[in-house]
Amino acid sequence: VPKWQPTLAALGTALRLNPGNADVLVEWARTNLNLGHWDNAVRAARKALTMEPISVYVNHLMGHILYFSRQYEEAIPAFRRTLELNPNFPKPRYFMAMAHHWMGDSKTAWEVIQEEPLEWMRVCGSAVILHKLGRTGEAREALERLIEMGLEETNDIQQADVYAQMGDHDQAIASLQKAVDMC
């Protein structure tokens with residue numbers, strides 16, 4: 001956390017000087033999300049949402065924070081609200097599908113992931129969900145497609161996620177190491 005101290009200090013000052021600024025609250029929420037300070041992130045995002053209730057970005061951020069803090073049931077409505085505000089906004093469908101996946105509802109997860117407009121997210125989510133549904137051949141095909149897509153734009157972290165959820169921990173670690181080596 002020491003490298004984040006200047007950021008936290010600056011945002012803390014900005015919040016004290018202008019506690020009603022939604023932009024500052026959003027940055028405070030994002031920073032706390034990155035640090036794993038879920039309660040601070042949720043509080044700040046909820047406050048920003050009261051100030052900017054029709055902001056696509058703030059609604060998506062709220063869902064994102066709830067998803068990563070494993071509050072899946074609450075994240076889904078935030079993502080739905082994002083899509084109500086902008087049906088073409090990418091990513092909410094992926095996160096809704098994965099929330100359903102983590103809650104054990106693979107059938108709904110499969111239905112939702114099919115609607116994700118970003119191909120790499122759709123393919124990544126599909127690999128995981130298909131595996132969970134016991135459709136291992138199709139899951140492998142989706143993983144192969146993800147690997148193929150990674151030749152054009154790196155997606156080693158997403159590959160690691162799929163490998164880990166398929167139980168191939170050695171390959172997951174190898175994919176993570178490739179991602180680290182690229183930094």
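Ala45 and Met62 get closest at one heavy-atom pair: CB-SD, 3.7 Å. Nearest heavy atom pair, residue Asp156 against residue Thr154, reads OD2-OG1, 3.0 Å. In terms of heavy atoms, Ala172 sits closest to Ala164 at CB-N, 3.7 Å. Among all heavy-atom pairs drawn from Gly20 and Met51, the shortest one is O-SD, 3.2 Å. Between Leu33 and His64 the shortest heavy-atom distance is CD2-CD2, 3.7 Å. Between Met103 and Ile76, the shortest heavy-atom distance links the atoms CE-CD1, 3.5 Å.
Close placement of the His60 and Phe89 rings is indicated, their centers lying within 6.0 Å of each other.
Taking the salt bridge (Lys or Arg N to Asp or Glu O under 4.0 Å) definition, one finds that Glu52 meets it with nothing, sequence neighbours left out. Residues meeting the salt bridge (Lys or Arg N to Asp or Glu O under 4.0 Å) test with Glu141, sequence neighbours left out: none. Scored by the side-chain contact (heavy atoms from CB on, under 4.5 Å) test, Leu17 finds Thr13 as partners (sequence neighbours excluded). In this view, Glu27 and Arg30 satisfy the side-chain hydrogen bond (donor to acceptor under 3.5 Å, both in side chains) rule, not counting sequence neighbours. Here Ser106 pairs with nothing under the side-chain hydrogen bond (donor to acceptor under 3.5 Å, both in side chains) rule; sequence neighbours left out. Annotation: side-chain hydrogen bond (donor to acceptor under 3.5 Å, both in side chains) contacts of Arg43 (sequence neighbours excluded): Asn40.
Residues Thr7 and Leu11 are in side-chain contact: their nearest non-hydrogen atoms beyond the backbone lie under 4.5 Å apart. Contact check for Met98 versus Val128: side-chain heavy atoms found under the 4.5 Å cut-off.
Looking at His101 and Gln165, their side chains do bring a donor and an acceptor atom within 3.5 Å of each other.
Within the model, atoms CH2 of Trp38 and CD of Gln71 stand 10.0 Å from one another, a figure rounded to the nearest 0.5 Å. Interatomic distance, OG of Ser69 versus CD of Glu74, reported as 8.0 Å (0.5 Å rounding). Between the CG atom in Leu143 and the CD atom in Glu148 there is a gap of 11.5 Å [rounded to 0.5 Å]. The structure places CZ of Arg93 at 10.5 Å from CD1 of Ile113, a figure rounded to the nearest 0.5 Å. The line from CG of Leu61 to CG of Leu66 is 9.0 Å long, rounded to the nearest 0.5 Å. Ser175 contributes atom OG, which lies 10.0 Å from atom CD of Gln158 (distance to the nearest 0.5 angstrom).
Judged by distance alone, with hydrogens and angles left aside, the side-chain atoms of Thr31 form no donor-acceptor pair with the main-chain N or O of Trp28 at under 3.5 Å. The main-chain N or O of Met149 is never found under 3.5 Å from a side-chain atom of Asn155 such that the two would form a donor-acceptor pair. Of the possible polar contacts, none joining the Asn32 side chain to the Asp39 backbone as a donor-acceptor pair under 3.5 Å is found. Under a 3.5 Å cut-off, the side chain of Arg16 and the backbone N or O of Gly12 do form a donor-acceptor pair. One N or O on the side chain of Asp168 and one on the backbone of Gln171 form a donor-acceptor pair closer than 3.5 Å. Asn18 places no side-chain N or O within 3.5 Å of a backbone atom of Ala14 that could act as its donor or acceptor partner. The main-chain N or O of Glu116 is found under 3.5 Å from a side-chain atom of Arg122 such that the two form a donor-acceptor pair.
In the hydrophobic cluster analysis, where Ile, Leu, Val, Met, Phe, Trp and Tyr join through side-chain heavy atoms closer than 4.5 angstrom, Tyr72 is grouped together with Trp110. Hydrophobic clustering (side-chain heavy atoms under 4.5 Å, transitive across Ile, Leu, Val, Met, Phe, Trp, Tyr) groups Leu133 together with Met166. Val24 and Tyr57 end up in different hydrophobic clusters when Ile, Leu, Val, Met, Phe, Trp and Tyr side chains are linked at under 4.5 Å. One hydrophobic cluster, built from ILVMFWY side chains closer than 4.5 Å, holds both Phe79 and Ile65. By the rule that hydrophobic residues join a cluster once side-chain heavy atoms approach within less than 4.5 Å of another member, Trp4 and Leu25 end up as members of one cluster.
Salt bridge absent: Glu84 and Arg80 never bring a charged side-chain N and a carboxylate O closer than 4.0 Å.
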Do Leu83 and Met96 pass the side-chain contact (heavy atoms from CB on, under 4.5 Å) test, and can you show the C-alpha distance, the side-chain angles, and the key distance before you say yes or no? CA-CA 11 Å; Leu83 291 171; Met96 286 190 328; 4.0 Å; yes

Run the side-chain contact (heavy atoms from CB on, under 4.5 Å) test on Phe95 and Met121 for me, step by step, so that the C-alpha distance in whole Å, both residues' side-chain angles and the decisive distance to 0.1 Å come before the verdict. CA-CA 9 Å; Phe95 287 107; Met121 289 187 117; 4.0 Å; yes

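Annotation: Ile54, atom CD1; neighbour count of heavy atoms from other residues, nucleotides and ligands within 6.0 Å does not exceed 12. The environment of CD1 in Ile157 is sparse: at most 12 heavy-atom neighbours from other residues, nucleotides or ligands sit within 6.0 Å.
Annotation: cation-pi geometry not satisfied between Arg145 and Trp120 (NZ/CZ under 6.0 angstrom from ring centroid, within 45° of ring axis).
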